[in-house]
Amino acid sequence: MIQLRNDALQMNSGPSSCRRVTLIGVGTAGVNVLDQMVLDGLASLEMIAFDTDKQVLSGSVVQSKILIGMKTTRGLGVGGDHDFARELAEQDADRIREILEGVDLAIVITGLGGGSGTGLTPEILKVLRAIEASTIVLAVTPFSFEGKRRLDQAKAGTVKLREGADVVLIFANERLSRIPEAQHNVREGFRAMNRILGDTAQSISRLLATRALMQLSLSDMQTLAGRQHGEEGVLENCWVGVASATGIDRQRKVVEKALAGPLFSDAHVWKNGDRILASVVGGPEMSVADFQRVMQVLQRELPVEFPMVAGAAVDESMKDGIMLTLLVARSTEGQITREHGGGKESREEKLSDEMPGLASKPEPEKVSAPVRGKTSKEELEVLATTRSSAEGEEKPRARRGRGKEGREQRYFTEQEELPLDNKVLRGRFEKAVPTMFNGQNLDQPTFLRLKMKLRISPES
Amino acid sequence: MFSNRDPHIIVAVEVGTHKVCAAVAELSPDGSLMLLGVGESSASGVRKGEVIDFQLAQQSISQALLDAETKTEVQVQEVYLSLTGSHIESRSVMVRTGIEEDDHLITTDHVAELQDQAQHQVIPRDHAVIHELLQRYYSDHQTPCDDPVGLSSQILEGSYHLVYGLQTRLETTVRCIQELGIEVKSCALASYASAQAALTTARKKAGAVVIDMGAGVTDYLVYVDGAVELTGVLGVGGDHMTQDLSLGLKIPYARAEKLKIEHGDLAMDGFASDTTIELAREINFDERLIYREAMTEIMRVRQEEIMQLIEEDIRDRGLWPHITSGVYLTGGSSQVRGLEKLARQVFPVPAHLVNGCTLEGEQTYSQRPDLGTVLGLLRYAQQLELKNGRPRGWDKVRRSLRAVFESMRLF
């Protein structure tokens, strides 16, 4: 099975693409993402896996696997010590350079907080910069249950990444703890994140490739993610939803599915994000009208208005399907605010508050959402759960209760929270065809569409 | 027990979003209609007038029919069915035929040919025609006439109002009944049926709008000069009002429905702006106080929007100057307090509530606006039966065969 993929790889990396685009996985997390991509049949790009742990690499199905620091550690890893990992990478810098020579664009995927990812990535970025390759980093921050040390390392890591890379997109693993599978089984949580990162890397590479239909440039990505994020480093500056759909009305379905992604499951993203990148990948028959329709639906369904850049690419294997990657990022500097101005708090306190899934346990909503045509059964199970719950909307309210806002702000808040998630509002009309009229969804309460402010209940 | 095969018995069924009704009436030899009773059951598996859960919907229909059978002692075997759903569209078409005979005499054959042409108009793919409602005939030089047979003319033209909807969705509702072993004799657009209950011939002639406010959809139909000029179905209804309340006031759906029925109002008449309503404690629900104004506003803007959309549609087509009789509001959701007043503000013509349908016979149901459609459907069936007459012998077989072919074309 993997042999087949490699054939495809050789075909695609032929002279048709003049730039050499490489996916680099660093550390256990990064390697796992690449593995997931290979297993999902997404391995159309050159992939290189870097790690200090021999065991991790030998279990990987990625084609090129580079073990760092073999002489010093005999492949036993660095045991979470990122300084040690950095030293090893410095020692092996020439070897790394040899391997990466000729790369034009590198998409580096890594997990922060551990040893290899946090330590090796900045060094690899240095090498890439030296050979004048563009770099985009997709990084995940640890779950909060992984402990404070990892969080601290991750924070320090983000600063280093921003120094070394052109674009840094940081996703929070924590946000996935909402998925019921992740609550029972950590592996499933990781797997979902791997898939999200893989899909994101794939779409970014397609958009930046020279043969894209509507190409995006690196500066578009830079604008999206911002260049600086303070000295401390922001632990989450990117949220993404990936979905694909086929058949009638696929343009609408794909938008709805993407917006229902686990990283969009609470209002957090719409509060803290400020820019959107939409990437549409379609089969050879995708028309401009298809693209336009997706954009129209997207404009309508997005709960907030952010500046948006869009790109489109064609993938022969998609046939009549459409794949949408919705990347919401925070471009501005400074601290990520809490939902309702809870004031400046210490970093640690903020972090635990920011991370969802700790305070409330939302009940899952059953939705079957097969994404890819050739989805495996296992994947279906994961995807079926990647939809946020209707009760997820309860979250901001629970949080509000903890705050010390005045009465005035309280009902104001209630009114503000509602429009954020289009899905929540369908309720009774979940299974019925939405009533659309002049681009408005009439199923949405009129008072919300009119943005009416109501006094609901006297304080008791 | 009577059998419904008896040509004197007519059964009309409406599969609504809120409930399923089956009305049974007797057609007396002189052609008048006598209501025997109405069977009802609360509907499940229906949203916005369309079946979304086949099994549940079928159960509801079965219950309603059983209820009707118990109440009227008629064994239901064939029914007339009303159809609705926001996928239903309509447009007016003009068809013509030349009278090539030397005497240019218009015969029933020419009229039949026009009708046939109207039925076979090009409609969007996957759609099926529900009605081709004759508006009027025109002989030479665009002279309108009601009955052209016997006139002399070189050409005969006819304008028809064509109503069509997605075939699969219409089939689903029909199949729901057919699979219970009950024949669907004919179908009618819900608003057309309601109009037969709400409007007299004089009102139709004077130009009138009928709005049937259901739980899932709002059907509307415009009569101008005695003919149907416009029909429409909005996929918004009373359920939306409940849903709005539920979301706006943060209360469960069922609680919102109860609040709507008990206190629902579209205006604050006689209430101070800080009047509150107490929602009593229930299982899984702590008692709460809400402002009456919040409830009223949520409901009012929704209802106002529905009526404004209809008003705009009629205005866009320039029909308001031709409507002199007024707007007639019927359907279950028209029972909400303050509707008539609000309607008068929205529409440029007088608005009236229609309190049910006056039929002879059983009078228990005469004051029920929510039965407007099903009782109107009985009227529609009556007209159809009388038009077709009472077939006998071979004629009966021929007609039933033709009915089969017609229904095959339709569904």
Side-chain angles (χ1 to χ4, degrees), chain A residues 247-249 303 363 366 390-398 400-401 407-408 410-460, chain B residues 17 45-53 85-87 166 169 215-218 233-237 239-253 256-257 273-274 276-277 279 287-306 308-309 312-313:
Chain A
I248 305 166
D249 213 8
E363 274 185 22
K366 263 197 253 161
E391 278 79 5
E393 203 262 332
E394 296 284 333
K395 176 107 205 313
R397 264 202 286 163
R400 189 200 65 227
R407 179 184 302 189
E408 197 68 10
R410 233 181 121 149
Y411 67 72
F412 183 78
T413 307
E414 275 182 77
Q415 287 302 306
E416 285 273 296
E417 290 294 344
L418 266 171
L420 289 176
D421 192 347
N422 279 326
K423 305 304 154 307
V424 173
L425 303 186
R426 298 215 56 200
R428 186 169 163 83
F429 309 110
E430 183 76 50
K431 288 181 191 149
V433 183
T435 306
M436 299 306 299
F437 187 85
N438 284 344
Q440 276 192 70
N441 184 353
L442 296 188
D443 288 346
Q444 304 267 332
T446 317
F447 72 94
L448 281 183
R449 278 181 279 122
L450 296 175
K451 298 197 165 57
M452 281 170 68
K453 296 272 181 280
L454 296 171
R455 258 193 334 159
I456 290 169
S457 174
E459 281 283 319
S460 47
Chain B
T17 312
V46 184
R47 289 283 182 282
K48 300 187 185 176
E50 294 171 47
V51 173
I52 58 160
D53 187 319
S86 53
H87 58 93
L166 275 173
R169 304 234 193 126
V217 292
T218 304
V233 183
L234 267 182
V236 187
D239 274 1
H240 283 80
M241 227 187 279
T242 311
Q243 164 101 340
D244 290 0
L245 286 175
S246 159
L247 287 166
L249 305 176
K250 304 262 197 283
I251 52 179
Y253 186 86
E257 178 74 21
S273 67
D274 58 352
T276 53
I277 298 173
L279 305 177
E287 59 184 357
R288 266 186 72 189
L289 273 183
I290 57 142
Y291 280 116
R292 192 183 178 92
E293 196 176 18
M295 176 199 74
T296 312
E297 280 297 284
I298 291 172
M299 291 177 70
R300 183 185 62 80
V301 288
R302 171 62 85 177
Q303 194 60 63
E304 198 171 46
E305 180 184 59
I306 294 174
Q308 271 166 357
L309 289 173
E312 277 166 25
D313 192 20

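Sequence lines set the chain letters: A, B, ... in the order given, protein chains first and strands last, and positions in each chain run from 1.
- Every residue two or more places apart in sequence or in another chain that forms a side-chain hydrogen bond (donor to acceptor under 3.5 Å, both in side chains) with B:D239 is listed here: A:R428, B:Y253.
- Here the closest heavy-atom approach between residue B:T276 and residue A:P458 is recorded as CG2-CG, 3.8 Å.
- In this structure, no portion of B:L245 lies under 4.5 Å from any heavy atom of chain A.
- The shortest non-hydrogen separation linking A:P445 to B:R302 is CA-NH2, 3.5 Å.
- Taking CD1 of B:I306 as the reference point, atom OG1 of A:T446 lies at 7.0 Å (rounded to 0.5 Å).
- Here the straight-line distance linking atom CG of A:L450 with atom CD1 of B:I298 works out to 11.5 Å at 0.5 Å rounding.
- For a residue to count as touching a neighbouring chain, one of its non-hydrogen atoms must lie under 4.5 Å from one of that chain's; by this rule B:E50 does not touch chain A.
- Across A:S457 and B:L289, no two heavy atoms sit closer than the pair OG-O, 2.6 Å.
- Once rounded to the nearest 0.5 Å, the distance linking CD of A:Q444 with NE2 of B:H240 reads 10.0 Å.
- For chain A, the nearby part of B:I52 is the side chain; its heavy atoms alone come within less than 4.5 Å.
- Of all heavy-atom pairs spanning A:I456 and B:A294, the tightest one is CA-CB, 4.0 Å.
- A search for side-chain contact (heavy atoms from CB on, under 4.5 Å) contacts involving B:R300 returns B:E297, B:E304, B:L342, not counting sequence neighbours.
- Of the atoms belonging to A:L442, heavy atoms from both backbone and side chain fall under 4.5 Å from chain B.
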